[in-house]
Chemist: 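Can you keep this structure in mind? I'll have questions shortly.
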Amino acid sequence: MGANGCGKTTLCNLMARFWDVQSGSVSLGGRDVREYSYDSLIRNFSFVFQRVYLFSDTIANNIRFGKPDASMEEVQAVAELTHNKTVIMIAHRLKTVRYADQIFVVDHGEIVQQGTHDELVAVDGLYRRFVVERKRAAGWKV
C-alpha cells in the first residue's frame with residue numbers, strides 16, 4: 001500500500017514480468033522473477049492490480065481467466081484458484097489490506113515498511129498515519 005503515484009503498480013508490473021528491470025533485480029519467493037517461466041510465475045503467484053480489467057464476457061469467465069478449465073464450484077470459492085499461491089494485491093480499502101499475511105508500504109518507489117496490520121499500527125510510520133486518517137475520514141459527512 002502507499003499513496004497514489006508511489007510505485008505500487010510499477011513494482012507489481014515488474015514482479016509479474018510485464019517489464020524486466022534494466023538494473024538490479026526483483027525477487028519473489030527468494031528467486032529472481034527472470035528465473036521463472038511465465039507459466040511457472042502464473043502457477044505460483046496471483047496478482048490483483050489497482051486497475052482491474054474485465055473482458056466482455058461473463059463474470060465467471062473473467063474469474064476463470066487464469067484457469068480456463070476451472071469448474072463453477074472453483075469459480076464460486078475463488079480461494080481454490082489461489083490455493084497454494086502467493087497473492088500479491090494493490091488495495092485501497094483497509095478491510096482488504098488488514099488481513100494480509102504481509103503488508104508492504106511503498107513510498108517514492110521504495111518499500112519503507114513491512115509487517116502485519118497489528119505490527120504496523122504499533123509503530124509510527126506511513127501505515128499507522130494511513131489508518132488514523134481513514135478512521136477520521138469515516139466520520140466525515142457532506
Side-chain angles (χ1 to χ4, degrees), residues 1-140:
M1 64 126 329
N4 287 339
C6 73
K8 301 180 302 286
T9 299
T10 299
L11 184 58
C12 282
N13 284 334
L14 290 168
M15 286 188 282
R17 292 205 63 204
F18 292 152
W19 314 306
D20 280 331
V21 293
Q22 294 178 358
S23 64
S25 66
V26 175
S27 298
L28 286 172
R31 288 179 52 197
D32 189 309
V33 293
R34 294 172 288 191
E35 294 176 19
Y36 289 98
S37 69
Y38 182 72
D39 287 342
S40 177
L41 192 62
I42 296 304
R43 261 195 316 274
N44 291 293
F45 301 95
S46 290
F47 298 90
V48 181
F49 292 94
Q50 195 167 312
R51 291 188 183 124
V52 177
Y53 298 98
L54 294 176
F55 297 101
S56 182
D57 204 337
T58 65
I59 297 290
N61 283 340
N62 271 274
I63 293 170
R64 280 189 186 103
F65 181 74
K67 185 179 178 187
D69 60 339
S71 68
M72 186 51 99
E73 184 177 88
E74 290 174 305
V75 167
Q76 291 170 346
V78 179
E80 185 64 30
L81 294 174
T82 58
H83 184 68
N84 289 331
K85 283 187 173 186
T86 297
V87 178
I88 300 164
M89 74 174 76
I90 300 173
H92 292 282
R93 299 181 68 189
L94 188 54
K95 273 197 257 184
T96 306
V97 174
R98 175 182 199 101
Y99 299 106
D101 293 328
Q102 284 291 299
I103 299 166
F104 294 86
V105 182
V106 180
D107 188 32
H108 295 96
E110 293 186 32
I111 296 171
V112 295
Q113 287 185 282
Q114 173 186 350
T116 65
H117 170 81
D118 291 338
E119 292 167 344
L120 293 173
V121 294
V123 297
D124 187 34
L126 285 176
Y127 188 82
R128 182 159 84 186
R129 288 192 291 275
F130 169 77
V131 170
V132 168
E133 289 298 319
R134 286 288 197 193
K135 286 180 181 177
R136 279 203 328 228
W140 293 353

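Everything quoted here is computed from the prediction, not taken from an experiment.
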Chemist: If the condition is side-chain contact (heavy atoms from CB on, under 4.5 Å), which residues does D39 pass it with, not counting sequence neighbours?
Modeler: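 Testing D39 for side-chain contact (heavy atoms from CB on, under 4.5 Å), a comparison that skips the adjacent residues, returns S37, R43.
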Chemist: Taking all atoms of both residues into account, what is the closest heavy-atom pair of R64 and S71, and its distance?
Modeler: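 Nearest heavy atoms, R64 then S71: NH2-C, 4.0 Å.
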Chemist: With sequence neighbours left out, what residues match D57 under side chain to side chain donor-acceptor pair (under 3.5 Å)?
Modeler: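 With sequence neighbours excluded, D57 shows a side chain to side chain donor-acceptor pair (under 3.5 Å) to N61, given in chain and number order.
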Chemist: In chain order, what residues pass the salt bridge (Lys or Arg N to Asp or Glu O under 4.0 Å) check against R34, with sequence neighbours excluded?
Modeler: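 Here the qualifying residues are D32.
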Chemist: Partners of S25 by side chain to side chain donor-acceptor pair (under 3.5 Å), sequence neighbours excluded?
Modeler: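 Partners of S25 under the side chain to side chain donor-acceptor pair (under 3.5 Å) test: none.
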Chemist: Quick one: side chain to side chain donor-acceptor pair (under 3.5 Å) partners of Q22, sequence neighbours excluded?
Modeler: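 Expected list: none.
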Chemist: Between D124 and R129, is the closest basic N to carboxylate O distance under 4.0 Å?
Modeler: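 Here R129 pairs with D124 in a salt bridge, since their nearest N and O are under 4.0 Å apart.
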Chemist: Using the test ring pair (Phe, Tyr, Trp, His ring centres under 6.0 Å), find all partners of F55 that sit at least two apart in sequence or belong to another chain.
Modeler: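 With sequence neighbours excluded, F55 shows a ring pair (Phe, Tyr, Trp, His ring centres under 6.0 Å) to F65, given in chain and number order.
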Chemist: What's the verdict on side-chain contact (heavy atoms from CB on, under 4.5 Å) for L28 and N44, showing C-alpha distance, side-chain angles and the deciding distance?
Modeler: CA-CA 10 Å; L28 286 172; N44 291 293; over 6 Å; no
Chemist: Is a side-chain N or O of Q113 found less than 3.5 angstrom from the main chain of Y127, in a donor-acceptor match?
Modeler: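 Indeed, once roles are kept as given, a pair shorter than 3.5 Å links the two residues.
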Chemist: Rounded to the nearest 0.5 Å, what's the gap from CE on M89 to SG on C12? Could you check?
Modeler: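 M89 atom CE to C12 atom SG measures 10.0 Å (nearest 0.5 Å).
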Chemist: Test of understanding: with side-chain contact (heavy atoms from CB on, under 4.5 Å), list the residues that count as partners of A3, not counting sequence neighbours.
Modeler: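 Partners of A3 under the side-chain contact (heavy atoms from CB on, under 4.5 Å) test: none.
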Chemist: By side chain to side chain donor-acceptor pair (under 3.5 Å), which residues pair with D20, not counting sequence neighbours?
Modeler: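 Once residues adjacent in sequence are excluded, the partners of D20 under the side chain to side chain donor-acceptor pair (under 3.5 Å) criterion are R17.
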Chemist: Enumerate donor-acceptor pairs with a distance under 3.5 Å from any side-chain N or O in residues 97-108 to protein atoms, sequence neighbours excluded.
Modeler:
from	atom 1	to	atom 2	distance (Å)
R98	NH1	H117	NE2	3.2
Q102	OE1	Q114	NE2	3.0

Chemist: Could you list the residues that satisfy salt bridge (Lys or Arg N to Asp or Glu O under 4.0 Å) with E35, not counting sequence neighbours?
Modeler: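 Once residues adjacent in sequence are excluded, the partners of E35 under the salt bridge (Lys or Arg N to Asp or Glu O under 4.0 Å) criterion are R31.
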Chemist: List in chain and number order the residues that pass side-chain contact (heavy atoms from CB on, under 4.5 Å) with W19, two or more places apart in sequence or in another chain; answer none if no residue qualifies.
Modeler: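 side-chain contact (heavy atoms from CB on, under 4.5 Å) check on W19 returns T10, N13, L14.
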Chemist: Less than 4.5 Å apart, side chain to side chain, heavy atoms only: is that true for F45 and M15?
Modeler: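 No, every pair of side-chain atoms sits at 4.5 Å or beyond.
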